[in-house]
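Contents: one structure, followed by commentary.
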Amino acid sequence: MKVINKPEELQKIIEELKKEGKNVGFVPTMGALHLGHVSLIKKSVLQNDITVVSVYVNPIQFGPNEDYEKYPRPIEKDIKVCQDNKVDFLFLPTNETLYNKNFSTYIYNNNVSKIMCGITRPTHFQGVCTIVAKLFNIVMPQRAYFGLKDYQQYIIIKQMVEDLNFNIEIVGCPIVREESGIAMSSRNTYLSKEEKVQATGIYKSLCLAKQLFCEGKEIEDIKQVVEENSLKIPNSKIDYIEIRNSKNLQEVTDLDKNIVIAVAVKVGNVRLIDNMVCEK
Ligand code: AMP
């Protein structure tokens, strides 16, 4: 595995590999790699000749009072995870190489970025779209892998690729959970032992919601049950509970057959997101 810091260096290597007819798969991450990330890497290694992983904590997707500074950065461990999983190139750019002092071009989704996480994190998806577009231009992959854990991000990236004519297949990968049911996340390291147990209530209420949906219960009733259950999680505060169309995250009616139940809940000081897709 080769570790690369400079965008131009990676671009050159990829250009050469493409001339040789190689397929490139790309897994963008913020590091602190866990088995959720590994599932994306494994899929890319399986489906492509070359796999590029990026580890970069992107400052412009964090709000002013968020955890940019304290976000975990166990880089030696991440390098080992990539090596162990047959990654070909690990891209570790710096803020200086990606955002020079004249940087002034951003990508903004004018629809789905305004709901759900976009309400409490109004500049988040602009930061995500901008960095992902930059990384796509550097890595030039045929396929890019995104976890359904960040469901809204997945939908927004798919839309960006369509709107801006990126010739890249976006591959959505299922949520990897801990045995307790909580979705794996780099931010789980912020949770105390007790909070980790409390957080399992999120998964439990999503499972219950799925069951109610399959039984034909009305959307509003399902939402209420999820809310009642989530309110029972000690030491927690609901940011949102949304039931939306799983293809485009628009509002649903009781006739919709494909929905996603998405929640954001603060357990202690840690904001967790999770979701479950249900299809009839
Ligand atoms: P992050 O490092 O949190 O920005 O995540 C990088 C990629 O890994 C994103 O596409 C995430 O959706 C994906 N990811 C993070 N956690 C999980 C998980 N538990 N299961 C599947 N994919 C995940």
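Just so you know, ligand 1 is whichever comes first in the structure, and atom 1 is the first atom listed for that ligand. Computed from a predicted model, the values in this text were never measured in an experiment.
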If you take all heavy atoms of Ile241 and Glu227, which pair is closest and at what distance? CD1-CA, 3.4 Å
Euclidean distance, Phe26 CZ relative to Ser54 OG, rounded to 0.5 Å: 3.5 Å
Given that the side chain starts at C-beta and the backbone is N, CA, C, O, which of these parts of Ser186 lies under 4.0 Å from ligand 1, counting heavy atoms, or is it both or neither? neither
So if I apply the side-chain contact (heavy atoms from CB on, under 4.5 Å) rule between Asn85 and each of Leu33, Val38, Val45, Val27, which one comes out positive? Val38
Checking the N or O distance criterion of under 3.5 Å, is ligand 1 in contact with Val176? yes
So is His34 in contact with ligand 1, going by heavy-atom distances below 4.0 Å? yes
Using a 4.0 Å cut-off to any heavy atom of Pro174, which atoms of ligand 1 qualify? 20 (N), 21 (C)
Any N or O of Leu148 closer than 3.5 Å to N or O of ligand 1: no
Side chain to side chain donor-acceptor pair (under 3.5 Å) pairs, two or more places apart, involving residues 128-150: Gln47-Tyr145, Asn48-Arg143, Asn48-Tyr145, Arg143-Glu169
May I ask you to check whether Phe146 and Tyr154 place their ring centres under 6.0 Å from each other? no
Once you restrict to heavy atoms under 4.0 Å, what part of His37 touches ligand 1? Side chain, backbone, both or neither. side chain
Nearest-contact summary for atom 4 (O) of ligand 1 - protein heavy atom, Å: Met30 CG, 3.6 Å
Heavy atom of Ala32 under 4.0 Å from ligand 1? no
Per the salt bridge (charged side-chain N to carboxylate O under 4.0 Å, His left out) rule, what does the pair list look like for residues 46-70, sequence neighbours excluded? Glu66-Arg121, Asp67-Arg187
salt_bridge(Glu15, Lys18) N-O dist < 4.0 Å: no
Looking only at protein heavy atoms, which one is nearest to atom 11 (C) of ligand 1, and how far off is it? Asp150 OD2, 3.0 Å
Which of the atoms in ligand 1, numbered in the order shown and given with their element, are less than 4.0 Å from a heavy-atom of Leu40? 7 (C), 8 (O), 10 (O), 13 (C), 22 (N)
Count the heavy atoms of every other residue, nucleotide or ligand shown that sit under 6.0 Å from NZ of Lys280, and state whether that count exceeds 12. yes
Do any nitrogen or oxygen atoms of Ile175 lie less than 3.5 angstrom from nitrogen or oxygen atoms of ligand 1? no
Judged on heavy-atom distance to atom 22 (N) of ligand 1, which of Cys173, Gly172, Gly147 sits nearest? Gly147
Could you see which bit of Ser185 sits under 4.0 Å from ligand 1, with heavy atoms only: side chain, backbone, both or neither? neither
Give the contacting part of Val27 toward ligand 1: side chain, backbone, both or neither, where contact means a heavy-atom distance below 4.0 Å. neither
Against heavy atoms of Phe146, which atoms of ligand 1 measure under 4.0 Å? 10 (O)
Which of parallel (below 30°), tilted (30 to 60°) and perpendicular (above 60°) describes His37 and His34? tilted
When only distance counts, is Pro28 in polar contact with ligand 1, meaning an N/O pair under 3.5 Å? no
Using a strict 4.0 Å threshold on nitrogen-to-oxygen distance, state whether Glu8 and Lys6 make a salt bridge. no
Which heavy-atom pair separates Val277 from Ser246 by the least distance, and what is that distance? CG1-CB, 4.2 Å
Give the atoms of ligand 1, by number and element, whose distance to some non-hydrogen atom of Met184 is under 4.0 Å. 16 (N), 17 (C), 18 (C), 19 (N)
